[in-house]
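All figures in this text were calculated on a predicted structure; none of them were measured in a lab. Here is the naming used below: chain letters follow the sequence lines, and residue numbers restart at 1 for every chain.
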Protein chains: 2
Amino acid sequence: MIQAASTEMLKLLDDLAVFSAPGPGVTRLLYTPEWSQAQLFLQGKMAGFGLKVGTDKVGNVYGRLAGRNPDDKVILTGSHVDTVVNGGKYDGAYGIAAAITAIHYLQETFGQPLRSLEVVSFCEEEGSRFPLTFWGSGHVTGMYDGSEADTCADSEGITLKSAMAECDYNNFEDTMNQRVDSTRRDDIGAFVELHIEQGILLEKTSTQIGIVEAIAGQRRFTVRVSGTANHAGTTPMNLRADALMGTAEMLLLLERLAGEAGEPLVATTGRLEVIPNTPNVIPGEVQFTLDIRHSEAEKLDRFCSDTLIAFNEIAAKRGLNLDLTPRLSALPAPMNSELCYGLERICQKQGRSYRNMVSGAGHDAQLFAPRFPTAMIFVPSRDGISHSPAEYSSPEELGVGLEVLTELLYELAYK
Amino acid sequence: MIQAASTEMLKLLDDLAVFSAPGPGVTRLLYTPEWSQAQLFLQGKMAGFGLKVGTDKVGNVYGRLAGRNPDDKVILTGSHVDTVVNGGKYDGAYGIAAAITAIHYLQETFGQPLRSLEVVSFCEEEGSRFPLTFWGSGHVTGMYDGSEADTCADSEGITLKSAMAECDYNNFEDTMNQRVDSTRRDDIGAFVELHIEQGILLEKTSTQIGIVEAIAGQRRFTVRVSGTANHAGTTPMNLRADALMGTAEMLLLLERLAGEAGEPLVATTGRLEVIPNTPNVIPGEVQFTLDIRHSEAEKLDRFCSDTLIAFNEIAAKRGLNLDLTPRLSALPAPMNSELCYGLERICQKQGRSYRNMVSGAGHDAQLFAPRFPTAMIFVPSRDGISHSPAEYSSPEELGVGLEVLTELLYELAYK
């Protein structure tokens with residue numbers, strides 16, 4: 001299609017990346033000045049394209065192209081405007097820029113749609129400032145009711161509530177729909193999110209489009225292994241209760257079990273602390289995290305329980321104590337199969353290489369999937385790198401995603 | 001023997017423990033006020049017992065009971081006065097308190113010896129303030145010449161040289177012997193160090209006395225394993241280069257090889273750091289320490305090279321990079337076999353249970369062993385705990401060590 005649209009989208013992405021705290025990459029945390037400026041910029045941009053713009057009470061920004069049938073449910077598309085600290089310019093922002101561009105293009109090319117089309121720029125998804133995630137989509141889908149803002153605080157002790165009150169962009173009211181509950185919505189006919197993959201599967205397999213069949217469920221644990229700290233020189237090997245050696249055995253077992261379980265299961269220990277962490281002292285305690293994901297709830301749960309049983313056996317065999325604390329449990333979110341099928345047909349029609357896949361990363365779409373027909377489209381990420389200034393997808397790859405999104409929105413809103 | 005002597009020694013130990021920085025246990029770091037006060041206290045104590053006292057240029061404290069044959073070499077006994085941070089009251093201090101008590105007892109019981117007897121309170125052994133060890137015994141044996149003091153600095157940037165200059169106890173000159181080289185000595189006929197075991201072997205085997213045959217050699221390395229940091233959710237197991245999983249395999253291999261090598265080899269990873277150390281990021285880098293000890297140099301070296309070859313194979317197999325930095329290499333130090341035999345006879349005569357053993361921990365004696373006939377005597381440590389406020393040996397155990405030391409000194413100086 002539409003070289004002009006693609007160019008417009010790339011310009012929008014570049015512009016959005018300017019709204020950042022100082023430092024490498026893009027840092028745009030919830031309710032900071034740069035975040036406010038970005039949301040205001042998007043409102044201005046959408047208003048300039050003739051969309052009706054507005055916000056809700058937590059600062060999600062909407063832009064609407066009203067349809068001819070006002071009673072039909074809304075076709076919603078977009079992603080999150082916030083980033084991690086020193087993140088890239090594509091994660092989240094791409095889904096917003098493409099959504100605005102697609103609706104602008106559809107309006108100019110086909111005029112008013114049958115069903116209303118809306119862009120959403122979610123206020124928050126990453127959990128980078130406050131210890132919660134999906135603050136934007138969680139309000140739209142009813143997971144949050146706002147009461148969380150009283151107690152939840154950032155690393156400087158500022159609560160969500162006071163962060164909102166102090167925010168430059170001090171306009172948190174429902175300017176859009178005057179709904180009774182101004183953040184939660186029940187009028188959505190479909191939600192479509194376009195996003196960079198943040199993984200290496202599409203690149204490794206030279207595939208242009210990933211059609212997400214499900215967003216993996218995730219369970220997180222903290223594991224504490226306790227043994228006996230002792231002198232590294234004077235304690236014979238057979239009289240040790242070395243918490244680190246026990247941990248090493250658990251990690252290798254985790255890796256083996258994950259390999260046996262096969263894709264899409266992934267299991268990771270990303271954080272590990274040794275106590276006392278001194279070269280000549282046998283580790284008395286190790287704490288580490290487990291992050292386990294699968295697209296099927298039953299398989300996820302079985303893997304977790306099998307792993308924890310095996311961990312306990314290792315601890316018992318070595319005279320170590322094992323404490324386990326569940327930290328997070330998110331169910332898998334299957335996407336709408338009709339929309340997936342529609343995406344396949346669009347890719348075939350446009351001659352795009354595509355594959356069905358599971359998203360191991362979490363996305364706003366997972367909150368919509370249980371309530372509304374939801375689809376998610378991926379484009380390749382160079383080297384799978386994300387949450388980094390090195391995050392990159394080529395203009396061509398981004399353009400292909402835009403074309404697929406535009407076609408799907410056309411089918412949903414105009415047919 | 002000598003209930004009175006034992007009581008005197010225990011009182012001395014209690015008194016020494018008073019010289020400590022605030023906090024749990026005993027903290028007496030080189031050239032701090034509490035360190036100065038302890039060295040002054042010991043000089044006063046020894047002078048009170050009629051010993052000739054003095055210091056050398058780094059603050060080692062001596063107390064001499066001159067022998068009848070002034071040309072005979074000196075029988076030296078003692079240990080180090082410094083401690084780790086929040087250490088116990090026995091490590092080092094016991095060897096000094098027992099030495100003073102033994103010589104006091106011998107003088108009172110048998111009068112002037114044939115050969116001069118000397119107590120030494122080494123200024124430093126632990127390496128707890130400055131990044132070097134054996135600052136005291138290293139000067140006496142010629143390992144250091146003092147030039148190290150210009151550049152070596154503590155964690156606050158204070159050099160050893162300025163720490164000495166600012167030290168309360170500002171009296172670093174050779175008041176003892178007016179030797180040309182005032183710290184290094186060549187006039188030593190034997191060095192005997194009595195020390196707590198800092199291990200669990202004597203306690204586990206209900207043995208009163210450990211006769212140290214050798215102090216283990218030690219090699220330390222820092223290992224850096226580099227892989228690729230990546231998203232824990234979006235990176236399939238078979239596309240990972242997980243530095244922590246590679247490390248886990250290396251650690252288990254280390255443990256297996258150490259078990260196969262058998263005693264007295266010990267191998268420990270006490271410190272380990274994960275980068276970036278975030279629950280949902282696959283570890284891109286791990287750094288860990290290796291501490292490997294054995295009483296035979298050839299076996300120590302072979303174990304190290306076998307281990308490092310195997311580590312490289314693991315890294316290559318997993319697509320990881322391995323960097324290895326040697327940090328320390330100390331040769332094993334065999335003790336004098338005649339003195340060991342003498343200690344066996346004394347234990348038999350006194351009806352003490354004893355065993356020959358290797359010291360996995362380093363001690364001042366290891367610097368004397370290559371130059372002078374050297375012996376080392378251990379008494380049990382409760383639960384093997386050391387470098388902790390919980391460090392403990394019972395008055396009876398300490399008294400048995402004192403009796404064995406006293407007898408050996410008698411044989412060396414009076415016969």
Exercise. Of all of A:G384, A:A361, A:G262, which one pairs up most often with chain B through heavy atoms under 4.5 Å apart?
Worked result: A:A361

For this session: Report, by ascending residue number, the residues of residues 275-284 of chain A in heavy-atom contact with chain B at a distance under 4.5 Å; give 'none' if the set is empty.
Result: A:N277, A:T278, A:P279, A:N280, A:V281, A:I282, A:P283

Exercise. Do A:D82 side-chain atoms and A:E126 backbone N/O form a donor-acceptor pair below 3.5 Å?
Worked result: yes

Problem set entry | Test item: A:D364 side-chain N/O and A:S79 main-chain N/O as donor-acceptor pair under 3.5 Å | no

Exercise. Does the side chain of B:F303 come within less than 4.5 Å of B:H294's, by heavy atoms?
Worked result: no

For this session: Among the options B:R240, B:E273, B:M250, B:K204, pick out the one with the most heavy-atom pairs lying under 4.5 Å from chain A.
Result: B:R240

Problem set entry | Pick from A:A258, A:G259, A:A267 with the largest number of heavy-atom pairs that fall under 4.5 Å of chain B | A:A267

Problem set entry | B:V223 and B:V225, any side-chain heavy atoms less than 4.5 Å apart | yes

Exercise. Taking atom OH of A:Y94 and atom CD of A:E391, what is their separation to the nearest 0.5 Å?
Worked result: 12.5 Å

Problem set entry | Region of A:R220 in contact with chain B, defined by heavy-atom distances below 4.5 Å | side chain

For this session: Provide the closest heavy-atom pair for A:F221 versus A:C304 in the form atom of the first, atom of the second, distance.
Result: CE1-SG, 3.9 Å

For this session: Among the options B:L239, B:L265, B:I385, B:L254, pick out the one with the most heavy-atom pairs lying under 4.5 Å from chain A.
Result: B:L239

For this session: Inspect the contact between A:E124 and A:R129 and indicate whether a charged nitrogen and a carboxylate oxygen are less than 4.0 angstrom apart.
Result: no

Seminar exercise, completed: Ranking B:T247, B:D242, B:T269 by heavy-atom pairs under 4.5 Å to chain A gives rank one to B:T269

Exercise. Hey, does the side chain of B:H363 reach the backbone of B:A365 with a donor-acceptor pair shorter than 3.5 angstrom?
Worked result: no

Exercise. Quick one: of B:V266, B:V358, B:T289, B:L290, who has the most non-hydrogen atom pairs under 4.5 Å with chain A?
Worked result: B:V266

Exercise. Can any side-chain N or O of B:S295 pair as donor or acceptor with the backbone N or O of B:A216 at less than 3.5 Å?
Worked result: no

Seminar exercise, completed: Turns out that what part of A:Q218 lies under 4.5 Å from chain B's heavy atoms comes down to neither

Exercise. Would A:E313 and A:K317 pass as an ion pair if we require N to O under 4.0 Å?
Worked result: no

Problem set entry | Pairs of heavy atoms under 4.5 Å with chain B: top-ranked of A:Q198, A:M237, A:R327, A:M245 | A:M245

Hey, can you pull the donor-acceptor pairs under 3.5 Å for the side chains in residues 226-233 of chain B, sequence neighbours left out?
residue: B:H231; atom: ND1; partner: B:G233; partner atom: N; Å: 2.8
residue: B:H231; atom: ND1; partner: B:T234; partner atom: N; Å: 3.3

Seminar exercise, completed: From the list A:L244, A:N238, A:T235, the residue making the most non-hydrogen contacts under 4.5 Å with chain B is A:L244

Problem set entry | Heavy-atom pairs under 4.5 Å with chain A, option from B:L251, B:I292, B:V274 with the top count | B:L251

For this session: Spell out, as yes or no, whether a donor-acceptor pair under 3.5 Å connects the side chain of A:T268 to the backbone of A:G270.
Result: no

Exercise. For chain B, which of A:V286, A:L252, A:D291 has the most heavy-atom pairs under 4.5 Å?
Worked result: A:L252

Exercise. For A:E263, is it the side chain, the backbone, both, or neither that has a heavy atom closer than 4.5 Å to a heavy atom of chain B?
Worked result: side chain

